[in-house]
Amino acid sequence: MSAPEPIISPDTVPRLSPMFRLQWEEAQGCHVLLYPEGMVKLNGPAGEILKCCDGVRSIAQIIHDLSVRFPAAPTLPDDCRQFLKTAHDNQWLRIDPA
Amino acid sequence: MTTNGSVSTLPKPLWLLAELTYRCPLQCPYCSNPLDIARYQDELSTAEWVRVFREARALGAVQLGLSGGEALVRQDLEELIAAAHALGFYTNLLTSGVGMDERRIRGFKEAGLDHIQISFQASSEELNNFIAGNDSFKHKLEMARLVKHYGYPMVLCFVLHRHNTDHVEQILDLAHALQADYVELATTQYYGWAMLNRDQLFPTREQVAHAEATAHRYQEKLKGRMKTLYVVPDYYEDRPKACMKGWGAIFLTVAPDGTALPCHAAGSLPGLSFPNVRQHDLAWIWNASPDFNRFRGFEWMKEPCRTCPEQTRDFGGCRCQAYLLTGDPANADPVCSKSPHHAALQQQVQAIGETQTGAVAPLIYRNFRNSKRQMGIAAPD
Ligand code: SF4
Ligand code: SF4
């Protein structure tokens with residue numbers, strides 16, 4: 001397929017790349033991303049956002065859902081978009097065109 | 001580290017390397033298994049391995065390497081993978097691919113295996129088979145395709161040495177054609193069999209420079225598609241590698257007979273007591289055993305490491321290398337230019353480089369017969 005790389009927009013539906021596995025690690029006290037012979041530790045918000053990348057919800061829905069759960073975080077939408085971009089650049093996410 | 005007998009923030013193991021067996025259909029002369037592989041034939045049972053997995057997981061380990069020898073030789077591998085997966089490990093099978101077929105690849109997937117890393121000896125059939133000491137190349141290609149087909153992340157590993165370092169370009173082309181996600185261009189680690197064959201395996205400085213440049217070119221060219229890992233052999237550097245990220249810091253190896261080691265090459269070090277999981281639980285081995293505390297932290301260091309500001313970066317280098325090259329495992333790794341043994345190492349490296357174009361002694365292949373010979377036990381025919 002020669003379609004250009006989809007750009008992150010509110011309608012895009014991200015899901016975790018099959019190269020990675022996300023899980024809670026009690027010993028680390030955080031969510032981690034596991035991949036062949038390696039591990040990335042995630043901070044609290046990063047873990048919560050990645051958990052939402054289920055291939056069903058769009059970015060707009062993810063931001064909405066998280067804003068409902070964490071009403072005391074005013075910068076959440078921006079932080080969330082910023083993190084999703086980083087995650088995409090790191091190839092943690094696959095993005096299917098909406 | 002202990003102060004006044006109280007344990008302060010002990011590190012947690014992240015990695016468990018389970019060397020399930022030292023049996024292997026290949027005979028790579030660069031194998032980093034110990035020379036006395038023939039000593040480890042009383043292998044842990046399925047139930048014993050599962051107990052080791054459970055104890056390691058409870059200590060915090062999350063990455064599990066299933067290795068050997070050749071792990072595929074174990075007919076209970078599927079069962080072991082399923083148990084490890086159920087415990088929450090990320091499971092890595094490190095294999096030569098010999099002994100694998102589609103039925104097993106599918107079975108591993110069903111058991112929850114996360115990743116298969118296939119090691120190749122070279123990019124061409126002739127050289128691959130010469131180095132492996134058997135005829136395995138075509139089969140490996142087939143297995144690599146199946147690994148991809150079953151949706152595993154595909155990692156290919158090529159151990160580099162004098163005989164294949166000039167072929168890095170062909171190696172990376174092959175890996176790309178097989179649609180590898182990661183390629184590891186691993187430098188031969190000169191322990192065990194590799195140390196025995198060092199003079200025949202050691203690449204020249206020019207070879208290394210060429211390989212490094214080629215690897216960088218492919219890293220650029222295939223950015224976002226294939227990740228290439230390449231580390232310059234440390235003999236040509238003036239700082240050692242942070243071996244195992246420090247002794248007893250994140251790595252835990254269990255050998256086929258249950259011997260627990262802070263690093264898979266530590267079996268050659270003098271003065272260790274080699275605790276065994278058959279006699280002790282892993283928590284005691286990791287936290288309290290003399291072996292795992294022997295070179296933990298910085299207290300054990302001698303000069304120049306003891307007062308060196310770089311100690312937190314490289315932990316004084318590799319204990320096994322320090323022992324093999326200086327006779328004392330508590331010395332600085334002689335790769336370091338601050339080590340009083342550095343000049344002698346440089347001369348040795350230079351000398352190996354110069355003699356190599358001429359007549360070369362035959363490689364000593366890694367197998368049980370040669371192991372018994374190395375141990376001084378006559379091999380019965
Ligand atoms: S390096 Fe070669 S001989 Fe050693 S265990 Fe691996 S495949 Fe077998
Ligand atoms: S002296 Fe020791 S700690 Fe310092 S750089 Fe050399 S090996 Fe590392």
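Computed from a prediction, not measured in an experiment: that's the story for all the values here. Chain naming here is simple, since letters A, B, ... match the order of the sequence lines and numbering starts at 1 in each.
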For the residue pair B:Val62 and A:Leu34, establish whether any side-chain heavy-atom pair is separated by less than 4.5 Å.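 Touching, per the 4.5 Å side-chain cut-off.
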
Pairs meeting criterion ring pair (Phe, Tyr, Trp, His ring centres under 6.0 Å) with involvement of residues 61-83 of chain A, two or more places apart: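 As it turns out, there is no ring pair (Phe, Tyr, Trp, His ring centres under 6.0 Å) pair with a partner in residues 61-83 of chain A once direct neighbours are skipped.
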
Please report the closest heavy-atom contact between B:Asn92 and A:Glu37, naming both atoms and the distance.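 Of all heavy-atom pairs spanning B:Asn92 and A:Glu37, the closest is OD1-N, 3.2 Å.
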
For B:Val155 against A:Pro36, the heavy-atom pair lying closest together: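 In terms of heavy atoms, the two residues are closest at CG2-CB, 3.9 Å.
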
Taking NZ in B:Lys227 as the centre, count heavy atoms belonging to other residues, nucleotides or ligands within less than 6.0 Å. Is the count above 12?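 Result for NZ/B:Lys227: open.
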
Would the number of heavy atoms belonging to other residues, nucleotides or ligands and lying under 6.0 Å from NZ of B:Lys12 be above 12? no

Euclidean distance, A:Tyr35 OH relative to B:Tyr182 OH, rounded to 0.5 Å: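 Here the rounded value is 6.0 Å.
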
So for A:Gln28, is it side chain, backbone, both, or neither that comes closer than 4.5 Å to the heavy atoms of chain B? side chain

Whatever's closer than 4.5 Å to a heavy atom in chain A on B:Leu14 counts as side chain

Could you look at B:Leu64 and say if it's the side chain, the backbone, both or neither that has a heavy atom under 4.5 Å from chain A?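 Contact with chain A involves no heavy atom of B:Leu64 at all.
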
Hey, which residues of residues 18-25 of chain A are touching chain B, say heavy atoms under 4.5 Å apart? A:Met19, A:Arg21, A:Gln23, A:Glu25

Any residue of residues 242-251 of chain B which, by heavy atoms, sits under 4.5 Å from chain A: none

Part of residues 143-154 of chain B lying next to chain A, heavy-atom separation under 4.5 Å: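 When heavy atoms of chain A are the reference, residues 143-154 of chain B contributes B:Pro153 within the under-4.5 Å range.
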
